[in-house]
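Worksheet: the structure to be examined is printed underneath.
Here is the naming used below: chain letters follow the sequence lines, and residue numbers restart at 1 for every chain.
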Amino acid sequence: MQKTLTARQPFIFHTTVRSHGWWQLVPFHYMETTGLLTYILRLSSGKVVDLHIREAPGGVSVETATLTQSEHDELICLITWMLDLDRDLTAFYAVARREPKLAHVEQKACGRVLRSPTFFEDVVRTILTTNTLWAATKRMTTNLVDQFGESLETDASQKAFPTPDRLAATTEAQLRAETRLGYRAPYILELAQRESSGELNLEAYKTSNLPTLQMRKELMKIKGIGAYAAANLLMLLGRSDFIPLDSWALKMVSHEWYDGQPVTPAQVEAAFEKWAEFKGLAYWFWNWSYTGS
DNA sequence: GGTAGACCTGGACGC
DNA sequence: GCGTCCAGGTCTACC
């Protein structure tokens, strides 16, 4: 089947896909030259399908296998969520117009973020980004998908992101030794077991009306989620009141305003304080002067 | 509430 | 090839 979905304007597919690093992590795959984003999705019916998503006039086109009506409806909801198609960034663009370092955001349609279909997947991915290098995050994610993901019927090498149930059924030892998650193994296992048992309902966070501060506290109750990871997850939920403050943030702010001298987290916060509820977006899409490693 | 040290992995480097 | 050092956030114990 093929389906076209419209996006609230302005919308640029490439900008959304490249909004952060998820596009480099399986089961996402993005071919920049052709503008094709693929993703292996497990629907709630258990069917595993590969999605081919491209830019189309006014939005995106999605190509995948033949689906039942309920699977089709679920797919539309998931794609809309993953690409943040309904996002209204009018208020952010209004304040960004007054800042030269954010002058590009409206023209480039910055502000949407690429998300996983489930919030559980985003939480797992985020834990795998903490205290490690990006190459290791990619490796751990690949291991997790290869070892625990369900295969496409037509190609066993193509696998979906593992479900909470599947991960809950594994062991810490296996996650440590074979998936190479290190000390993160018990965090991922506990998260999967809590989600699988119903003790946690991470999907509800997508539509929660909790104040952002309260939401942050709830996220930080999850083992492995600290201040950086919580801010990152809030950004994925469309709440940009906090900065995902990591070593990169310290480096960027140091070069932007402190002549390369070491800065504290408080100084990073202070640098973006005036952006209030758009703090995270301003930080994320800031046109940094420093481009070194 | 703030701080120090431990937690792990894999890459870089020196020998 | 081996050993050592380092980067990367979070947790826990302690003050």
Side-chain angles (χ1 to χ4, degrees), chain A residues 20-26 113 115-116 119-148 162 167 170-195 199-200 202 205 212-237 239-256 258 260-273 279-280 283-284 288 290-293:
Chain A
H20 64 127
W22 269 201
W23 64 276
Q24 297 179 52
L25 301 177
V26 292
V113 291
R115 312 191 265 214
S116 305
F119 193 51
F120 170 77
E121 184 175 326
D122 276 336
V123 175
V124 172
R125 285 186 197 279
T126 298
I127 291 174
L128 299 189
T129 67
T130 58
N131 197 25
T132 194
L133 304 177
W134 184 243
T137 297
K138 291 204 274 190
R139 186 166 40 247
M140 286 187 276
T141 309
T142 299
N143 290 343
L144 208 57
V145 169
D146 282 350
Q147 292 169 22
F148 305 108
L167 289 178
T170 187
T171 63
E172 182 184 326
Q174 189 176 6
L175 289 172
R176 277 183 186 272
E178 297 175 29
T179 320
R180 312 299 290 168
L181 300 190
Y183 71 91
R184 299 169 197 81
Y187 301 161
I188 300 296
L189 183 61
E190 183 184 304
L191 178 72
Q193 288 172 338
R194 292 178 66 200
E195 182 73 2
E199 182 191 334
L200 261 183
L202 293 171
Y205 283 71
T212 302
L213 194 58
Q214 185 61 34
M215 180 85 83
R216 180 175 183 264
K217 284 181 184 169
E218 292 298 316
L219 289 169
M220 289 178 70
K221 287 179 185 171
I222 298 170
K223 285 276 185 67
I225 301 294
Y228 156 79
N232 195 62
L233 289 168
L234 287 171
M235 286 289 287
L236 294 175
L237 290 169
R239 300 173 185 237
S240 56
D241 310 51
F242 292 89
I243 295 173
L245 213 162
D246 58 4
S247 56
W248 190 83
L250 294 170
K251 188 187 293 183
M252 289 298 117
V253 169
S254 155
H255 285 277
E256 190 77 7
Y258 294 91
Q261 297 302 306
V263 298
T264 64
Q267 287 172 299
V268 176
E269 293 288 347
F272 285 92
E273 196 55 46
K279 205 188 292 181
Y283 160 76
W284 211 327
W288 299 101
Y290 181 71
T291 54
S293 57

Gap between atom [atom2] of [Y] and atom [atom1] of [X] - 0.5 Å precision:
X	Y	atom1	atom2	value
Trp248(A)	Leu250(A)	CH2	CG	11.0 Å
Arg139(A)	Thr141(A)	CZ	OG1	10.5 Å
Met235(A)	Asp241(A)	CE	CG	10.0 Å
Thr212(A)	Leu237(A)	OG1	CG	9.0 Å

Expressed in angstrom and rounded to an integer, what is the separation of [X] atom [atom1] from [N] atom [atom2]?
X	N	atom1	atom2	value
Ile188(A)	dG9(C)	CD1	P	16 Å
Leu233(A)	dG9(C)	CG	P	14 Å
Leu250(A)	dA7(C)	CG	P	13 Å
Lys138(A)	dG8(C)	NZ	P	16 Å
Met220(A)	dT10(C)	CE	P	7 Å

> Do Trp288(A) and His255(A) have ring centroids that are under 6.0 Å from one another?
Replying inline: no

> What is the nucleic acid contact for Leu128(A), judged by heavy atoms within less than 4.0 Å: base, sugar-phosphate only, or nothing?
Replying inline: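 If one applies the 4.0 Å heavy-atom cut-off, Leu128(A) turns out to touch nothing in the nucleic acid.
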
> So what does Ala185(A) touch, heavy atoms closer than 4.0 Å: a base, only the sugar-phosphate, or nothing?
Replying inline: nothing

Side-chain atoms of residues 187-194 of chain A: list all donor-acceptor pairs with protein atoms under 3.5 Å, sequence neighbours left out, distances to 0.1 Å.
residue   : atom : partner   : partner atom : Å
Arg194(A) : NE   : Glu199(A) : OE2          : 3.0

Please write out each protein N/O paired with an N/O of nucleotides 9-14 of chain B under 3.5 Å, distance rounded to 0.1 Å.
residue : atom : partner   : partner atom : Å
dG10(B) : OP2  : Arg180(A) : NH2          : 3.1
dG11(B) : OP1  : Arg139(A) : NH1          : 3.4

>> Does dG8(C) have its OP1 or OP2 closer than 4.0 Å to a side-chain nitrogen or oxygen of Ser247(A)?
In response: yes

